[in-house]
Amino acid sequence: MLRFDILTLFPAMVQAVLEQSIPRIAAEQGAVEYHLHNFRDFAEGVHQAVDDRPYGGGAGMVLKPEPIFKCIRHVLPQAELPHMVLLTPQGRPFTQRVAEELAAKPRILMLCGRYEGFDERIRLGWQWDEISIGDYVLSGGELAALVITDAVVRLLPGVLGDEASADEESFGKGLGGKLIEYPHYTRPVEFEGMRVPEVLQSGHHGEIAKWRLEQARKRTKERRPDLLDDE
Ligand code: 6GU
């Protein structure tokens, strides 16, 4: 069982996604547990401020260290020591390989930022795995945390069922981890003049596997030649 602790100012936003589709099924199967924590609950004063103006001036607000330190110290002893993920556009790029790495952990704590960023002492307080989901700026870490959670829980044993294997998908191990997926077809055999390729109707499993690999290579060469370049 993998336990996620997600620290966020918008737990309802995160919850809404985790209670749908695969992330929900993963929890119902007991493959994963989600624990959401609002670090505003650990802020002091009538306004429970979690942010403040930056030293040195400049635009925007910075997340204060105290509520986050208190929240983390409250959450840490609830189970074994977690792998700690800081969601930031400055982190290492998230890939299928990183998802596989995370899927092997027993516990993951993710801290979602808002505003211009975290007080640097939050970074210094713990050993963080800083992760970014791509070269663009989101308003907060929540959508990134959800992207990562979805990509990880679908890799956990039993979550997708025996038939729908994550190995065969784009970037999955079955295509060598470096190809995007081949085209899929279902009934009807002809739709608006477009036919399902004969080989897929043939029942020749060897020929079908060969065709799919060719198609995956062709598609990758056309759309993502960068994936074929490295290595
Ligand atoms: Cl992890 N956070 C934010 N705020 N923006 C991002 C991101 C994370 N990854 C890409 N853009």
Side-chain angles (χ1 to χ4, degrees), residues 2-23 26 32 34-43 49-56 58-69 71-72 75-76 82-105 107-156 170-171 180 223-224 226-227 230:
L2 168 54
R3 170 179 170 135
F4 279 97
D5 290 277
I6 305 177
L7 280 56
T8 169
L9 294 172
F10 299 92
M13 173 183 175
V14 175
Q15 177 85 32
V17 175
L18 297 182
E19 66 191 24
Q20 303 286 334
S21 186
I22 299 292
V32 66
Y34 310 114
H35 296 264
L36 306 185
H37 313 275
N38 188 341
F39 53 87
R40 191 178 296 282
D41 297 341
F42 297 83
V50 291
D51 60 331
D52 205 342
R53 291 152 58 211
Y55 272 109
M61 300 289 270
V62 173
L63 284 168
K64 293 161 62 65
E66 304 95 315
I68 288 173
F69 268 72
C71 184
I72 290 174
V75 168
L76 278 184
H83 182 73
M84 295 184 60
V85 172
L86 190 66
L87 283 324
T88 143
Q90 300 154 46
R92 65 172 173 145
F94 186 64
T95 63
Q96 191 65 30
R97 299 293 88 81
V98 176
E100 286 162 9
E101 241 178 74
L102 297 182
K105 307 285 184 193
R107 188 184 181 196
I108 298 170
L109 181 152
M110 298 199 282
L111 175 55
C112 305
R114 284 268 152 180
Y115 313 110
E116 294 313 297
F118 305 94
D119 183 289
E120 191 62 19
R121 289 162 294 188
I122 294 163
R123 280 200 171 79
L124 302 173
W126 290 274
Q127 195 83 266
W128 292 100
D129 180 6
E130 290 197 32
I131 298 181
S132 162
I133 63 161
D135 292 339
Y136 41 81
V137 179
L138 300 169
S139 309
E142 285 78 11
L143 291 172
L146 287 166
V147 163
I148 291 169
T149 303
D150 184 280
V152 168
V153 301
R154 62 200 302 292
L155 295 177
L156 299 176
S170 298
F171 311 112
I180 57 177
R223 301 182 186 193
R224 293 294 307 276
D226 57 298
L227 294 177
D230 46 60

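Small disclaimer: the values here were computed from a predicted structure and weren't measured. In each ligand, atom 1 is the first atom listed, and ligand 1 is the first ligand listed.
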### Message
I'd like to know if the side chain of Tyr136 and the backbone of Pro89 have a donor-acceptor N/O pair within less than 3.5 Å.
### Response
no
### Task
Would you please name every residue forming a side-chain contact (heavy atoms from CB on, under 4.5 Å) with Ser132, sequence neighbours left out?
none
### Message
Counting C-beta onward and ignoring hydrogens, is there a side-chain heavy-atom pair between Leu227 and Phe171 closer than 4.5 Å?
### Response
yes
### Task
Assess whether side-chain contact (heavy atoms from CB on, under 4.5 Å) is satisfied between Arg53 and Met61, documenting all intermediate values.
CA-CA 5 Å; Arg53 291 152 58 211; Met61 300 289 270; 3.7 Å; yes
## Note on the structure
For Gly140 and Arg114 the tightest heavy-atom approach is CA-NE, 3.6 Å
### Message
Is the distance from the ring center of Phe69 to that of Trp126 below 6.0 Å?
### Response
yes
Nitrogen or oxygen contacts under 3.5 Å, ligand 1 side and protein side:
{"unit_1": "ligand 1", "atom_1": "4 (N)", "unit_2": "Leu138", "atom_2": "O", "d": "3.2"}
{"unit_1": "ligand 1", "atom_1": "5 (N)", "unit_2": "Leu138", "atom_2": "N", "d": "3.1"}
{"unit_1": "ligand 1", "atom_1": "9 (N)", "unit_2": "Ser132", "atom_2": "OG", "d": "3.4"}
{"unit_1": "ligand 1", "atom_1": "9 (N)", "unit_2": "Ile133", "atom_2": "N", "d": "3.0"}
{"unit_1": "ligand 1", "atom_1": "11 (N)", "unit_2": "Tyr136", "atom_2": "O", "d": "2.6"}

